[in-house]
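Beneath this line is the structure, given in structure tokens, with notes to follow.
Heavy-atom basis, side chains included; hydrogens, waters and symmetry copies ignored.
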Amino acid sequence: MSLKQFLSFKLSQKLSPQQIQLMKLIQLPTQAFEQRLKQELEENPALDTGKESEASEDNVDEFDNSETDYDDNETIEADDINIDEYLSDDEIPEYRTQANNYSADDEDKTMPYAAGTSFTQHLINQLNTFRLTEQEEEIAYFLVGSVDESGYIRRSLADITDDLAFTQNVYTTEEEVEKVLNIVHLLDPAGVGARNLQECLSIQLHRKEQHPDVELATTIIDKGFEQFTKKHYKKLMQKFNINEEQLKEAIEEVERLNPKPGGSYAGNNKIVEHIVPDFAIKIVDGELELTLNGRNAPELHVSREYNNMLKGYKETKEKSRAQKDAVMFIKQKLDAAKWFIEAVRQRQQTLFVTMSSIMHYQKEYFLSGDERNLRPMILKDIADEIEMDVSTISRVANSKYVDTPYGTKLIKEFFSESMTNDQGEEVSTREIKKILETVIEEESKKKPLTDEALSKILKEKGYPIARRTVAKYREQLDIPVARLRKEL
């Protein structure tokens, strides 16, 4: 192949702006799609929602896009622009009237917000109850403003001191900043303003009602934090001359603390995360039934008002340049509206066809709910079956959720590589991870299984997996190493 032919081939593969926009639409989950739809409706007055009350019966023609020079007073013949296309075919598309593939939408479409004052304001309100000098107050406000979402101040006192000088014209010392920081540490929730986890836990323990278990827990956090985080329990017992039961009681006190004091505050005005399933799968008479969330199938049509504008133009015998400019603007908006309606239709079709293929591929799992019945499945398997590009399948799988009889699941979780067991059968790596998870759940927490021991157990069960692969799967499951799973 010559360079010229190669470049020509590469150019022919280039996506159009419309195709790129369609890909972006496909990638959006239900809530984000609704936001995109709202944006399009706001930006394009030629696009409308809801059922149209009447339909136009005009014939479909094309606009004449030829550019001509003309004077302001020049008249334009009606034949110059054929507008009939934009006066028809704006009823609800057929795809929307076939509602059997859409689930009823009884959900609230607005995203919930947490009520109350902001987290920062909550802290400032408390500061106002302390007797502070003007400078201390400025430092305290600055410190409170530096508290992150988790409730921590993650910057050094030196940086804060410099910032106070450069941005607030407050000239102070690290010692004075630390003195004010200790006042911030008296605020609620306990632990707020801490510079690290150790300080956060220590502040909370010092604020608790003191008894032997709390006192020991405080000593461990203040003087044996490194051994505590690494679960070196024998070293802790030797260091503080305590027995296993005492250590266990102290650790239970620490486990009751809040490592993220900011996260528990309800008044931070953050959007409350909640998942809206894009699909639903039900079992009806022993068969799987798939529906697409109705929020993905809005009723869209071309604005009747814009059609009427074109009708008025068509009926005018003499047409000025200003009128033609207006009509060309309307044409652009109508073109955009028609394209968006078609893109929404293609998005719905792509989502439904893709999920339907995944559902049938994993039929055994969806009927049983047993993850061991998940077949090995990669993006290419589905792409080949429905004759779509792998990137399209990825866009659907990575960001969409499906409501199943066994809970709401992220679609990409159904995909997994395969490996061969000792009987020569292909099994899903997801199945192996599930078995690994089960083995770890059932292990003795006093003596957790090492990756080497886990590898041997899996080999005995018929899955010849190396230790490093076990480690990889364990990390993917967010399961810590054996030493950190140890309990007293």
Side-chain angles (χ1 to χ4, degrees), residues 15-41 44 47-52 60 89-105 276-282 284 287-302 335-363 366 377-404 409-412 414-415:
L15 291 173
S16 69
Q18 286 85 358
Q19 287 172 311
I20 293 168
Q21 288 297 317
L22 177 59
M23 290 296 101
K24 287 180 178 178
L25 273 184
I26 288 170
Q27 190 163 343
L28 297 176
T30 299
Q31 281 184 317
F33 169 70
E34 286 183 317
Q35 291 298 315
R36 176 69 180 84
L37 175 63
K38 183 181 176 185
Q39 179 190 350
E40 192 71 21
L41 286 165
N44 190 351
L47 185 66
D48 225 334
T49 58
K51 188 170 183 177
E52 272 289 82
V60 176
D89 196 28
D90 51 341
E91 279 298 288
I92 300 171
E94 182 187 352
Y95 70 86
R96 186 57 185 88
T97 60
Q98 299 171 348
N100 58 312
N101 286 340
Y102 306 104
S103 61
D105 179 22
V276 175
D278 305 273
F279 306 91
I281 292 176
K282 294 178 182 176
V284 180
E287 291 297 321
L288 297 173
E289 185 180 276
L290 174 67
T291 53
L292 177 63
N293 189 323
R295 289 156 71 167
N296 292 283
E299 295 179 351
L300 297 173
H301 57 81
V302 173
D335 281 341
K338 288 196 165 195
W339 174 82
F340 191 76
I341 291 168
E342 174 60 17
V344 168
R345 184 193 69 79
Q346 287 189 40
R347 176 183 180 273
Q348 289 168 229
Q349 186 179 20
T350 302
L351 294 187
F352 193 83
V353 168
T354 304
M355 189 63 226
S356 182
S357 177
I358 292 168
M359 180 181 75
H360 287 107
Y361 201 97
Q362 300 290 5
K363 184 176 181 179
F366 284 115
M377 177 177 73
I378 57 174
L379 295 171
K380 191 173 184 299
D381 293 328
I382 302 301
D384 289 348
E385 188 172 312
I386 59 178
E387 297 181 347
M388 287 187 183
D389 195 80
V390 168
S391 64
T392 304
I393 312 304
S394 175
R395 283 179 169 86
V396 175
N398 282 339
S399 57
K400 310 289 187 303
Y401 287 84
V402 58
D403 185 30
T404 75
K409 311 282 185 183
L410 183 61
I411 293 167
K412 73 175 182 180
F414 303 130
F415 289 85

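- How far CE of M23 is from CZ of R347: 11.5 Å, rounded to the nearest 0.5 Å.
- Contact detail for V390 and K380: the closest heavy-atom pair is CG2-CA, 4.1 Å.
- In this structure, T404 has no side chain to side chain donor-acceptor pair (under 3.5 Å) partners at least two apart in sequence or on a different chain.
- Centroid-to-centroid, the aromatic rings of F414 and F366 come within less than 6.0 Å.
- Summarising the geometry, atom CD belonging to Q362 is positioned 12.0 Å from atom CD1 belonging to I411; distances are rounded to the nearest 0.5 Å.
- Within 6.0 Å of NZ on K412 lie no more than 12 heavy atoms contributed by other residues, nucleotides or ligands.
- Here the closest heavy-atom approach between residue P29 and residue S399 is recorded as CB-O, 3.3 Å.
- Rounding to the nearest 0.5 angstrom, the gap separating the OG1 atom in T30 from the CG atom in L292 is 7.0 Å.
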### Message
Is there a side chain to side chain contact (heavy atoms under 4.5 Å, CB included) between L300 and T49? Walk through the geometry before answering.
### Response
CA-CA 5 Å; L300 297 173; T49 58; 3.7 Å; yes
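- Using a 3.5 Å distance cut-off with no hydrogens or angles, the side chains of Q346 and E342 do pair a donor with an acceptor.
- Expressed to the nearest 0.5 Å, how far CG of L41 lies from NZ of K38 amounts to 10.0 Å.
- At least one side-chain heavy atom of I386 sits less than 4.5 Å from a side-chain heavy atom of I393.
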### Query
When you look at D278 and L351, which way does the side chain to side chain contact (heavy atoms under 4.5 Å, CB included) test go after all the steps?
CA-CA 9 Å; D278 305 273; L351 294 187; 5.8 Å; no
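- How far CZ of R395 is from CG of L22: 9.5 Å, rounded to the nearest 0.5 Å.
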### Task
Output, in order, the C-alpha distance, side-chain angles, deciding distance and verdict of side chain to side chain contact (heavy atoms under 4.5 Å, CB included) for F340 and N44.
CA-CA 10 Å; F340 191 76; N44 190 351; over 6 Å; no
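- In terms of heavy atoms, M388 sits closest to T392 at SD-CG2, 4.2 Å.
- By the side chain to side chain donor-acceptor pair (under 3.5 Å) test, E289 pairs with no residue at all, sequence neighbours left out.
- Considering every non-hydrogen atom in both D381 and Y361, the closest pair reads OD2-OH, 3.4 Å.
- Between the CG atom in N398 and the CD atom in Q27 there is a gap of 7.5 Å [rounded to 0.5 Å].
- Nearest heavy atoms, L25 versus A343: CD1-CB, 3.7 Å.
- Two residues are said to be in side-chain contact when any heavy atoms from C-beta on lie closer than 4.5 Å; I281 and M355 meet this criterion.
- Shown here for A383 and D389, the closest heavy-atom pair between the two residues is CB-C, 4.1 Å.
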